[in-house]
Amino acid sequence: MIRKDMLSIKKLETIAKDTFLIVLASNISVDDVAPGQFIHIRIGQGNAHLLRRPISIADVDQANQLLTIIFKSVGEGTTQLSKQKVGDQVDALLPCGTAYPIAGLTMHSALLIGGGIGVPPLYYLAKQLVAKGIKVTAILGFQNKEHVFYEQEFQALGDVYIATNDGSYGYQGFVTDVYQQVQPDFDCYFSCGPTAMLKSVTSTLEDKQGYISLEERMGCGVGACFACVVPSHDGGYRKICQQGPVFPAKEVALS
Amino acid sequence: MNLSVSLPGLSLKNPVMPASGCFGFGMEYSKFYDLEQLGAIIIKAATEEMRYGNATPRVAETTVGMLNAIGLQNPGVLNIIEKEVPPLAAYNTPIIANVAGSTIEEYELVAEKLGNTEQIAALELNISCPNVKEGGVQFGTDPDLAYEVTKRVKAQSSVPVYVKLSPNVTDIVTIAKAVAAAGADGLSMINTLTGMQINLQSRRPILANQVGGLSGPTIKPIAIRMIYQVREALDIPIIGMGGITCAEDVLEFLLAGANAVAVGTANFTNPFICPEIITALPDTLAKYGFNSLQDAIGKGHAHETTNLSRA
């Protein structure tokens with residue numbers, strides 16, 4: 001059940017250019033947080049920042065009630081979040097949105113395709129998949145070498161291919177270029193990243209079963225305000241914060 | 001302390017209700033608290049057919065405020081009546097339905113359908129949405145059109161009609177007088193102000209719709225001023241809204257002349273804001289020397305009357 005929680009910052013570090021990792025501790029169990037879900041964070045107090053920031057969950061430590069988030073400082077809110085200190089409190093709604101539906105899927109191998117700040121939710125997913133005995137291959141795309149993060153963490157779980165737009169690290173090009181070169185075997189794919197990348201991924205992997213996770217500017221984060229919607233192929237729409245952010249690849253129409 | 005207030009069609013246990021568009025059809029917030037705590041609930045705007053609304057991004061944070069350009073997305077009036085209203089009706093909290101449209105005929109049809117829905121206590125006539133190309137705010141910025149749509153919707157509605165006014169006008173009192181003359185049972189004010197925010201890096205407006213409605217604490221002084229002006233001119237019930245985030249804000253609206261209040265943007269910042277304000281209200285009223293909610297209404301006016309509400 002979604003709740004408001006005051007989380008305390010246990011660790012805050014810079015892990016790549018403009019990219020920050022924060023470990024948050026809860027006073028209550030976080031066992032219900034599943035891969036693909038996000039937390040909706042209030043920035044500061046008072047009325048300076050009225051809209052919460054949706055940040056995906058990169059890892060969960062159930063035993064110690066810890067959540068890891070990884071985000072980029074792209075505006076005022078995320079910059080302020082990146083300047084918090086260990087011990088500071090963070091007001092968050094959690095867990096928000098849907099998770100990758102791994103419990104209901106039968107597969108032997110999975111392909112994870114992440115782009116930039118879409119990489120973090122795939123990490124907790126990879127851990128859960130590996131724990132179920134599923135082979136994981138990850139193709140991760142970044143702007144350039146300075147932005148690359150979590151390569152080693154993913155390597156500990158399976159094969160990893162890194163792509164950078166400028167070729168300054170790993171393969172040069174987009175994640176779909178790497179896919180064409182590597183042609184990994186897999187039963188189901190999971191992808192998170194910019195909409196342009198997801199469009200390219202879903203069209204490249206059109207014949208495969210897959211799930212994508214969408215990003216959008218959000219209002220309430222709980223499905224009430226209709227700020228973050230995406231058209232669906234059934235002629236209707238889906239609310240990304242509530243009915244997503246994870247969708248079957250063929251359910252939503254990306255523009 | 002007695003927080004109750006009676007308005008046409010509405011017997012409220014307290015004056016605080018979530019504003020239309022900021023609370024969906026209510027059930028999302030039922031996961032956070034018991035909706036029976038609320039004075040009333042104003043549900044999201046209904047149009048005749050399902051509307052998809054505008055392209056995304058639809059929201060942007062501004063200095064002490066936010067812009068939205070949702071564009072009246074909703075599943076259509078019949079779906080709302082069949083699917084959205086029944087779960088909400090399980091709570092002992094009056095439901096106010098927001099009525100929108102592109103033409104007077106659409107307003108009439110939606111009002112007739114919602115007004116005849118047993119669980120709907122009152123209508124809020126939305127002639128002030130700034131985010132749709134047709135209808136919406138054009139009815140709210142022209143006194144003759146405002147009069148016409150109010151009169152025709154009143155004729156179709158079997159429940160009281162509160163007309164939601166746009167602040168995007170030169171003289172709010174003229175519009176308020178026009179809808180009052182057309183038979184409005186009350187006013188709801190204010191809707192958002194039109195605004196724009198440009199991203200410095202992309203050099204483009206952040207909202208896909210370019211223009212959006214500005215809300216949040218940044219517009220509160222405008223709302224207070226407009227309610228004050230209308231209260232000076234008219235003795236008509238007013239549901240006040242515009243940037244309310246705390247019980248002190250509620251008192252300010254009451255002093256300006258509002259009989260009840262709606263909370264919008266603040267629900268996004270804090271999903272518990274409405275019950276928190278309701279809990280804080282008795283102490284806040286007492287602190288400023290009031291013995292009841294009713295006691296405070298209109299007391300910001302120099303030449304106060306004993307009872308400015310029609311209740």
Side-chain angles (χ1 to χ4, degrees), chain A residues 1-6 40-54 74-80 91-97 195 214-232 234-244 252-255, chain B residues 18-19 21-33 43-45 50-75 79 199-201 206-208 212 215-218 220 243 245-246 249 264-272:
Chain A
M1 184 72 119
I2 193 167
R3 58 188 174 270
K4 186 158 91 100
D5 198 0
M6 291 305 287
H40 210 29
I41 296 178
R42 182 171 180 178
I43 306 295
Q45 294 168 339
N47 296 326
H49 296 286
L50 300 178
L51 294 181
R52 289 168 179 265
R53 292 345 189 231
V74 290
E76 265 183 57
T78 42
T79 300
Q80 188 172 329
D91 173 339
L93 305 182
L94 77 147
C96 295
T195 306
L214 306 185
E215 185 180 60
E216 187 53 84
R217 279 176 184 263
M218 290 182 184
C220 66
V222 300
C225 78
F226 292 73
C228 61
V229 294
V230 59
S232 52
D234 60 11
Y237 54 84
R238 299 288 183 275
K239 297 187 250 183
I240 294 174
C241 67
Q242 183 193 41
Q243 296 167 298
V252 290
L254 304 174
S255 55
Chain B
C22 300
F23 209 70
F25 299 98
M27 295 312 289
E28 285 79 14
Y29 287 90
S30 72
K31 293 171 187 163
F32 292 103
Y33 60 87
I43 58 176
K44 187 160 174 55
M50 180 191 116
R51 284 206 197 183
Y52 182 74
N54 296 318
T56 58
R58 294 174 168 188
V59 289
E61 190 175 87
T62 62
T63 307
V64 201
M66 68 169 275
L67 288 164
N68 89 81
I70 308 296
L72 294 181
Q73 179 160 27
N74 77 97
N79 277 321
N199 182 296
L200 302 187
Q201 268 173 348
I206 291 177
L207 299 179
S215 64
T218 191
K220 197 188 76 177
T245 65
C246 59
D249 290 343
T265 303
N267 288 290
F268 304 160
T269 318
N270 174 7
F272 293 95

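Within every chain, numbering begins at 1; the chains are lettered A, B, ... in the order of the sequence lines, protein sequences first and strands thereafter.
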Could you walk me through whether B:Glu61 and A:Arg53 pass the side-chain contact (heavy atoms from CB on, under 4.5 Å) test, one step at a time?
-> CA-CA 10 Å; B:Glu61 190 175 87; A:Arg53 292 345 189 231; 2.8 Å; yes
What heavy-atom pair brings [X] and [Y] nearest, and what distance separates the two atoms?
X	Y	value
A:Ala224	B:Tyr29	CB-CE1, 3.4 Å
B:Asn74	A:Tyr237	C-OH, 4.0 Å
A:Leu50	B:Pro217	CD1-CD, 3.6 Å
A:Arg217	B:Val59	CD-O, 3.3 Å

State whether A:Phe226 and B:Lys44 meet the cation-pi test: NZ (Lys) or CZ (Arg) under 6.0 Å from the six-membered ring centroid, and within 45° of the perpendicular axis.
-> yes
Contacting region of [X] [heavy-atom separation from chain A under 4.5 Å]:
X	result
B:Asn270	both
B:Met27	neither
B:Phe32	side chain

Chain B contact via [X] - which portion, at a heavy-atom distance below 4.5 Å:
X	value
A:Ile43	neither
A:Ala227	both
A:Arg42	side chain
A:Gln242	side chain
A:His40	neither
A:Val230	backbone

Between B:Gln201, B:Met50, B:Arg58, which has the largest tally of heavy atom pairs under 4.5 Å with chain A?
-> B:Arg58
For each of B:Thr265, B:Thr245, B:Thr62, tally heavy-atom pairs with chain A at distances under 4.5 Å, and name the one with the top tally.
-> B:Thr245
Working to the nearest 0.5 Å, report the span between CG of A:Leu93 and CZ of B:Phe268.
-> 12.0 Å
Output the distance between atom NZ (B:Lys220) and atom CG (A:Asn47), rounded to the nearest 0.5 Å.
-> 9.0 Å
Report yes if the side chains of A:Arg52 and B:Pro271 come closer than 4.5 Å at any heavy-atom pair, otherwise no.
-> yes
Side-chain touch A:Cys225/B:Asn267, heavy atoms, less than 4.5 angstrom | no
Listed by chain and number, what are the side chain to side chain donor-acceptor pair (under 3.5 Å) partners of B:Thr56, not counting sequence neighbours?
-> A:Glu216
Using the salt bridge (Lys or Arg N to Asp or Glu O under 4.0 Å) rule, collect all pairs that involve residues 62-72 of chain B, keeping only residues at least two apart or in two chains.
-> none
